[in-house]
Each structure stands twice: as C-alpha cells, then as structure tokens.
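Remarks on the structure that follows.
Note: hydrogens, waters and symmetry copies are ignored here, and every other heavy atom, side chains too, is used.
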Amino acid sequence: MTAPATAPATATTAPLLVLRGVRKSYNLGQRNECEVLHGIDLTLERGAFCAVVGPSGSGKSTLLNIVGLLDRPTHGSLALMGQETTTLDDAGLTRLRGQRIGFVFQYHHLLGAFTALENVLMPLLGDAGFATRAMTEHAAELLDSVGLTPWRDQLADQLSGGQQQRVALARALAMSPALLLADEPTGNLDTVSADAVFALLRHVNKTQGTSVLFVTHNPELAARCDHTIEVVDGHLLPAGAR
C-alpha cells in the first residue's frame, strides 16, 4: 500500500513504476480472442528488489514485456518514473525503454563473434555508430564490476555460461537504467553460477539504487528478494494469499 500523495507526482517523486487496471488480450476481435492479464494493479518503488513468481503460463512473461515497454496493454495505464507511457508512439516507447530499462534474459543473447567488451559497448553506440574512448572506458568498468577483467577481449562464444550471463548483465547496465528486468537469468546456470549472478543483481540494486524485477522459478532465490509478486492465471495474488 502506498501513502496518498499530497502533491502531484513528478519524475523525481513518483514511484518508479505504476500499473493501473492493465489488461492484455491477444487475437482481438477474433473467435479465439484470449485475455492473458486481468486488471493488474502494481506499484514498484524506487530501489525495490522484487521477485516475480508463478507457474508456467500464468502471465509472468506477458507482464514483464508490458513493464519493459516491449508490448502494449490492451487496457489500463502504465507510468514509468511519473511518465504515462500508453499514449507514447513506438519511437517514444523505444527511446524511453533505451534510457530507463535494462534487460537480462534466461539466454544471454550475446553476439558470439564479438568480444565481451564489444557486446557491452553495443547499447552505448546509439546514433554515433562508433565507440568513443569514454564509451570504451565505461564498458570496461562494467566488466570489471562483474569480475570479468581478464576476459574483456575474449569472444563471447568462448566464455562459460556464467561468464556470458555476467557480460549480459554488464550490457544491461550500460545505459545506467533505473529499472532492470531479469527474466529467469539463472535458469540455465549451475547452482554456483546462479548464485553469483543473483549476488551481482543484488549488488547493483544496493550500490546503484537500480530497481530489479526478477522472474524466477527458484523459491530459494525468490525468498532472498525484498518482496515477492505472485502471478496466477493472469492475476496478482495479494501478499500472504498462500
């Protein structure tokens, strides 16, 4: 529950993320129309570290796609850092997503023929199309922060699974996002590597204030988050409902 505001929210005072009445349907107007999310209300404060749990097919990935501005809700509103997003055009959504949101997926989606450093540089290139010295230094610092200093110049497809996921995390942090969305980032990793990646996410949350939404089927990792959101059949279960 969030206390009522005493003044209009601004980009600096508003919660990081607010969803109100978000619904998502597919195949609109067709006989096989299907609603996947059913009126989601969610407020995520700045600096939150929150697990998203629920059975397969419950709507977790759909919810994450909408929060990440990769998909639009059919109904309802979504505000990010005080900015209403449902009225933005595709270019506006792309710009806001690139500036404010980082993604880490279950599969790292690195470019295997490029080095770790080059992969982290990709989001920084923007319209320039080439890497400046400042960009390269920033990318190197991010790799240092995830413990990959000796592997900066290693091709991505020559790294271990855990190393690749750490490169993916460094890449996700390249634009200093306010919100980091992690969709089963430890799902393909062994226990030791999974714990290391989780620890890095937590470190980023604590030291940089980056809010994290962490989708996981691992109850032990979920228990180590500050809050848990449970999605079942397209609904959010109230805290303590189970």
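- The number of heavy atoms from other shown groups lying within 6.0 Å of NE2 (H217) is above 12.
- Of all heavy-atom pairs spanning G102 and P177, the tightest one is N-CB, 3.5 Å.
- Residue T94 holds its OG1 atom at 10.0 Å from CG of L88, rounded to the nearest 0.5 Å.
- Between F49 and F198, the two ring planes are perpendicular [angle over 60°; tilted spans 30° to 60°].
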* To do: Before giving the answer on side chain to side chain contact (heavy atoms under 4.5 Å, CB included), spell out for V215 and S61 the whole-Å C-alpha distance, their side-chain angles and the decisive distance to 0.1 Å.
  => CA-CA 8 Å; V215 175; S61 292; 5.9 Å; no
* To do: Before giving the answer on side chain to side chain contact (heavy atoms under 4.5 Å, CB included), spell out for Q163 and L148 the whole-Å C-alpha distance, their side-chain angles and the decisive distance to 0.1 Å.
  => CA-CA 7 Å; Q163 290 171 332; L148 290 178; 3.9 Å; yes
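- L236 is not listed as a side-chain neighbour of D41, based on a closest heavy-atom distance of 4.5 Å or more.
- Remark: the backbone N or O of A156 is paired with a side-chain donor or acceptor of Q164 at under 3.5 angstrom.
- In this structure a side-chain-to-backbone donor-acceptor pair under 3.5 Å is missing from N27 to Q30.
- Put simply, the side chain of N65 never gets that close to the backbone of L70: no donor and acceptor are under 3.5 Å apart.
- Side-chain contact check for L179 versus V67: some heavy-atom pair is nearer than 4.5 Å.
- Between the side chain of K60 and the main chain of V231, no donor-acceptor pair closer than 3.5 Å is present.
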* Report the C-alpha distance between H38 and R23 in whole Å, list the side-chain angles of each, state the deciding distance to 0.1 Å, and finish with yes or no for side chain to side chain contact (heavy atoms under 4.5 Å, CB included). => CA-CA 5 Å; H38 314 296; R23 295 177 178 272; 4.0 Å; yes
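- Here the side chain of N205 pairs no donor or acceptor atom with the backbone of S211 at under 3.5 angstrom.
- Residue H138 holds its NE2 atom at 8.0 Å from CG of L173, rounded to the nearest 0.5 Å.
- In this structure, V104 and P185 approach most closely via the heavy-atom pair CG1-CB, 3.8 Å.
- For D233, the CG atom counts as loosely surrounded, since its 6.0 Å shell holds 12 or fewer non-hydrogen atoms of other residues, nucleotides or ligands.
- By the rule that hydrophobic residues join a cluster once side-chain heavy atoms approach within less than 4.5 Å of another member, L64 and I66 end up as members of one cluster.
- Listed for the T132 side chain is a donor-acceptor partner under 3.5 Å among the backbone atoms of M135.
- Residues V146 and L142 form no side-chain contact, since every pair of their non-hydrogen atoms from C-beta on lies 4.5 Å or further apart.
- Distance check: L16 CG to R46 CZ gives 6.0 Å after rounding to the nearest 0.5 Å.
- With 3.5 Å as the limit, one finds no donor-acceptor pair spanning the side chains of T85 and Q83.
- One finds the OG1 atom of T115 at 11.0 Å from the CG atom of D157 (value rounded to the nearest 0.5 Å).
- Although no hydrogens or angles enter the test, the distance criterion places no donor-acceptor pair under 3.5 Å between the side chain of K24 and the main chain of E35.
- Side-chain atoms of H75 never come within 3.5 Å of backbone atoms of G21 as a donor-acceptor pair (strictly under, hydrogens ignored).
- Residues W151 and V167 fall within the same hydrophobic cluster, defined by Ile, Leu, Val, Met, Phe, Trp and Tyr side chains chained together at heavy-atom separations under 4.5 Å.
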* To do: Could you please spell out the steps behind the salt bridge (Lys or Arg N to Asp or Glu O under 4.0 Å) verdict for E137 and R133?
  => CA-CA 6 Å; E137 290 176 350; R133 180 176 179 178; 3.1 Å; yes
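- Between L63 and L19 the shortest heavy-atom distance is CD1-CD2, 3.8 Å.
- In this structure the side chain of L96 never reaches within 4.5 angstrom of the side chain of M81, judged on heavy atoms.
- Salt bridge annotation for D144-R152: present, with a cationic side-chain nitrogen under 4.0 angstrom from a carboxylate oxygen.
- Closest approach of T74 and S25 over heavy atoms only: OG1-N, 2.8 Å.
- The shortest side-chain heavy-atom distance between L42 and V22 does not fall under the 4.5 Å cut-off.
- Looking at L78 and L17, their side chains come closer than 4.5 Å, going by heavy atoms from C-beta outward.
- In this pair, F103 and F105 present their aromatic rings parallel. The plane angle is below 30°, not in the 30 to 60° band.
- Contact check on R202 versus D226 returns a salt bridge, with a Lys/Arg side-chain nitrogen under 4.0 Å from an Asp/Glu carboxylate oxygen.
- Screening D195, T191, D190 against S193 for a side-chain hydrogen bond (donor to acceptor under 3.5 Å, both in side chains) leaves a single residue, D190.
- Contact between A116 and L143 at its shortest, heavy atoms only, is C-CD1, 3.9 Å.
- Side chains of T43 and R20: a donor-acceptor N/O pair is present below 3.5 angstrom, by distance only.
- Using a distance-only test at 3.5 Å, with no hydrogens or angles considered, no donor-acceptor pair links the side chain of E45 to the main chain of G47.
- The two residues A182 and L201 come nearest to each other via the heavy atoms CB-CD1, 4.3 Å.
- Atom CG of L213 sits about 9.0 Å away from atom CG of L180, to the nearest 0.5 Å.
- The hydrophobic cluster containing L37 also contains L44, counting ILVMFWY residues as joined when their side-chain heavy atoms lie under 4.5 angstrom apart, directly or transitively.
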* Evaluation steps, side chain to side chain contact (heavy atoms under 4.5 Å, CB included), between L124 and L121 -> CA-CA 5 Å; L124 297 166; L121 275 169; 4.2 Å; yes
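- Electrostatic pairing of D90 and R97 does not count as a salt bridge here, judged by no charged N lying under 4.0 Å from a carboxylate O.
- Atoms CG and CG, on N119 and L111 in that order, are 5.0 Å from each other to the nearest 0.5 Å.
- Residues I101 and L181 form a side-chain contact, since some pair of their non-hydrogen atoms from C-beta on lies under 4.5 Å apart.
- Residues L69 and R100 form no side-chain contact, since every pair of their non-hydrogen atoms from C-beta on lies 4.5 Å or further apart.
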